[in-house]
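Below is one structure, written out as structure tokens, with a few remarks after it.
Numbers restart at 1 for each chain; the letters A, B, ... are given by sequence-line order, proteins then strands.
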Amino acid sequence: MSARAYALSDGNSFYCSCERVFDARLARVPVIVLSNNDGCAVARTSEAKALGIRMGEPYFKIRALCRAQGVRVYSSNYALYGDMSARVNAVYRGFSPRIEVYSIDESFLDLSDVRERDRVPLARDMRETVRAWTGIPTCVGIGATKTLAKLANHVAKTVPELGGVCDLTDPVQYDHWMARIAPDEIWGVGPANARKLEALGCVSAADVRDLDTRAVRKAMTVVGERLVQELRGVPCLNLEELAPTRKGCAVTRSFSDRVEDRATMEQAVAAHATRLGEKLRREGLGTDHVTVFFHTSEHDRDRPQRSVSTVVTLPEATNDTLVLLKAATHGVRKVWRDGYRYAKAGVVTTDLVPLAASQRALPGFGQLDREHGVALMAALDACNRRFGRGAVVPATAGLAEKRDWSTKFEMRSPRYTTRLDELPVVAAA
DNA sequence: TCTGGGGTCCTAGGACCC
DNA sequence: TCTGGGGTCCTAGGACCC
């Protein structure tokens, strides 16, 4: 029985790489992808990073730079990125049957059964296969724990001489890099914990690893203690092959233009509630209460600020769009006040339950017509799957009307892989 | 003009119970 | 001098992740 080994593989500048797969002109030029509403830069190629564009930088601040330097700018195309992510994971599964899909561009693989000397060759083979079959460049980090695999991945990404693979289960590599990685590069160390570690005298990951267990627990609770153990090679985090059922679900959006009237706010919140229903139904979950919130923007200096949220309780758990929508718009009416420029709104649920096993209300005490509702929602979902999201919407709350508040996606590329009418066209001479 | 969205986990403190 | 103790549940807030 050998010690554990995990690999963390991730796509380099993943969203940008997805765009590059379908447009050869993007090779070797700076590319960035923006967040919702074309707000901030959330993915940058190395060429864009070299121009000084930082992660999360608001686009309006760098627009002039982008124009001057010929940066190619894209809105987020989640349909494309989600589909490319599934393809990349399909390749990973061929290299290790035990995999945890950690995020849209990162997966952990269990390599415990792979001999030590075979791990790096396997990682190199996997990189080349993913590149050949999907077009996505990746980096692979290997370590005795998930935290060490993350750290190895960071090294693989930042040290070009390693060729995209770093193995910290190799004791020589482990000693070399642990002494050279700053504490704030460790997975789970954010700005607050970085300050605490600095106060404890840590300048490297090795220093963090060698901290006294009680001291780190005192300063950073069990989270810090777990982190130190993981750095020592003692696994505290398991591979989560099956995604645990989610506990909450939210749909929140900033408005493209500020909202000042109740009708528009109701329309926006109704749209969010509709989306929430879709998400819950896809996972068979339901909720018996919906929180509605909306607030102004702190960037609107010299304007009155307001932030409200209200919980609307339902008689029993549901994921029926019509019920959620009615509850959400009721919430808006309950706490609406004129005279503010609202910047963002959302609907949030917590305490989700599997709908099929949930407690029913008594007949006559608010019990919903579930049989009818389930059939109706199934028909609605089927239509929207076939004809595109929003093809069929409830006629209430103005959902079919023009939306002035909608999120901006002004530079979105075609949904090459998920929409027949947006397939790339190839011309042969 | 323009500043993302969606999660998880942990702790502290208050309310409440017997 | 002495003024119960121990438990659960809930919420808000902080921190972190991608």
Side-chain angles (χ1 to χ4, degrees), chain A residues 8 10-15 32-44 53-64 66 73-76 78 81-82 85 100-108 146-147 150 153-154 157 183-197 217-227 236-237 240 243-258 272 275-276 279-280 283 285 289 291 293 295-301 303 307 309 311 341 343-352 404 406-411:
Chain A
L8 177 73
D10 79 334
N12 305 342
S13 315
F14 182 67
Y15 293 178
I32 64 172
V33 174
L34 302 177
S35 62
N36 268 332
N37 245 342
D38 296 340
C40 305
V42 291
R44 307 108 72 219
I53 297 173
R54 290 192 307 271
M55 180 66 181
E57 189 143 34
Y59 178 51
F60 76 91
K61 287 189 181 172
I62 52 172
R63 183 175 292 145
C66 290
V73 182
Y74 288 88
S75 304
S76 288
Y78 296 114
Y81 311 149
S85 175
E100 171 187 342
V101 178
Y102 176 67
S103 75
I104 193 163
D105 74 324
E106 290 175 69
S107 293
F108 288 101
K146 287 165 79 173
T147 303
K150 281 282 274 188
N153 178 269
H154 168 74
K157 259 189 301 203
D184 64 351
E185 300 292 353
I186 300 167
W187 190 34
V189 176
N193 284 334
R195 280 192 297 275
K196 287 177 189 165
L197 290 170
R217 183 172 189 131
K218 190 152 181 266
M220 294 167 59
T221 77
V222 296
V223 180
E225 191 175 340
R226 202 157 53 202
L227 196 144
C236 302
L237 305 170
E240 313 259 357
T245 46
R246 68 158 83 228
K247 301 180 170 166
C249 190
V251 179
T252 72
R253 293 282 182 283
S254 297
F255 302 123
S256 52
D257 295 306
R258 303 281 190 254
H272 298 344
R275 181 83 190 102
L276 182 75
K279 287 169 79 173
L280 294 181
E283 297 176 42
L285 298 170
H289 55 271
T291 301
F293 77 83
H295 59 73
T296 52
S297 167
E298 46 195 62
H299 301 295
D300 284 350
R301 295 189 186 82
R303 299 283 309 199
S307 174
S309 84
V311 182
R341 298 176 75 230
K344 182 173 179 176
V347 291
V348 183
T349 61
T350 52
D351 310 307
L352 299 178
D404 305 323
S406 281
T407 309
K408 268 193 293 195
F409 290 98
E410 287 175 353
M411 296 160 281

Would you mind classifying the nucleic acid contact of [X] as base, sugar-phosphate or nothing, using non-hydrogen atoms under 4.0 angstrom?
X      : result
A:L276 : nothing
A:D38  : nothing
A:Y102 : sugar-phosphate
A:K61  : nothing
A:E298 : nothing
A:R258 : sugar-phosphate
A:R63  : base
A:K247 : sugar-phosphate
A:R226 : sugar-phosphate
A:K196 : nothing
A:D257 : nothing

Nearest of [options] to any side-chain atom of [X]?
X      : options               : answer
A:F60  : C:dC16, B:dT3, B:dC10 : B:dT3
A:P58  : C:dC17, B:dG4, B:dT3  : B:dT3
A:R246 : B:dT11, C:dC17, B:dG7 : B:dG7
A:S35  : C:dC16, B:dG4, C:dC17 : B:dG4
A:S103 : C:dC18, B:dT11, B:dG5 : C:dC18
A:T252 : B:dG7, B:dG6, B:dC10  : B:dG6

For [X] and [N], give me the distance from atom [atom1] to atom [atom2], rounded to whole Å.
X      : N      : atom1 : atom2 : answer
A:R301 : B:dT3  : CZ    : P     : 12 Å
A:L34  : B:dT3  : CG    : C1'   : 12 Å
A:M55  : B:dG4  : CE    : P     : 12 Å
A:I186 : C:dC17 : CD1   : C1'   : 15 Å
A:E106 : C:dC17 : CD    : P     : 11 Å
A:R44  : B:dG4  : CZ    : C1'   : 15 Å
A:F293 : C:dA12 : CZ    : P     : 15 Å
A:L227 : C:dA15 : CG    : P     : 16 Å

(message) Using heavy-atom distances to pick each residue's nearest nucleotide on DNA chain B, tell me which of A:K344 and A:V222 is more 5'.
(response)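 Upstream on the strand: A:K344.
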(request) Specify the residue among A:T245 and A:R341 whose closest nucleotide of DNA chain B lies further upstream toward the 5′ end. (result) A:R341
(message) Classify the ring geometry of A:Y15 against A:Y81: parallel below 30°, tilted from 30° to 60°, perpendicular beyond 60°.
(response) parallel
Out of curiosity, [X] [atom1] to [Y] [atom2], how far, rounded to the nearest 0.5 Å?
X      : Y      : atom1 : atom2 : answer
A:L8   : A:N153 : CG    : CG    : 4.5 Å
A:D257 : A:R341 : CG    : CZ    : 9.0 Å
A:E106 : A:K150 : CD    : NZ    : 3.5 Å
A:F409 : A:D38  : CZ    : CG    : 7.5 Å

(message) Any carboxylate oxygen within less than 4.0 angstrom of a Lys/Arg side-chain nitrogen, looking at A:K146 and A:E100?
(response) yes
(message) Checking base pairs now: Watson-Crick or wobble, both atom distances under 3.5 Å. What partners B:dC18?
(response)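 Looking at the geometry, B:dC18 pairs with C:dG5.
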According to a strict under-4.0 Å criterion, is [X] in side-chain N/O contact with OP1 or OP2 of [N]?
X      : N      : result
A:N193 : C:dC16 : yes
A:S254 : B:dG5  : yes
A:K279 : B:dG5  : no

(request) Check A:L34 against A:V42 and note the closest heavy-atom contact, atom names and distance. (result) C-CG2, 3.9 Å
(message) Rounding to an integer number of angstrom, what distance separates C:dC18 and B:dC2 when you compare their P atoms?
(response) 30 Å
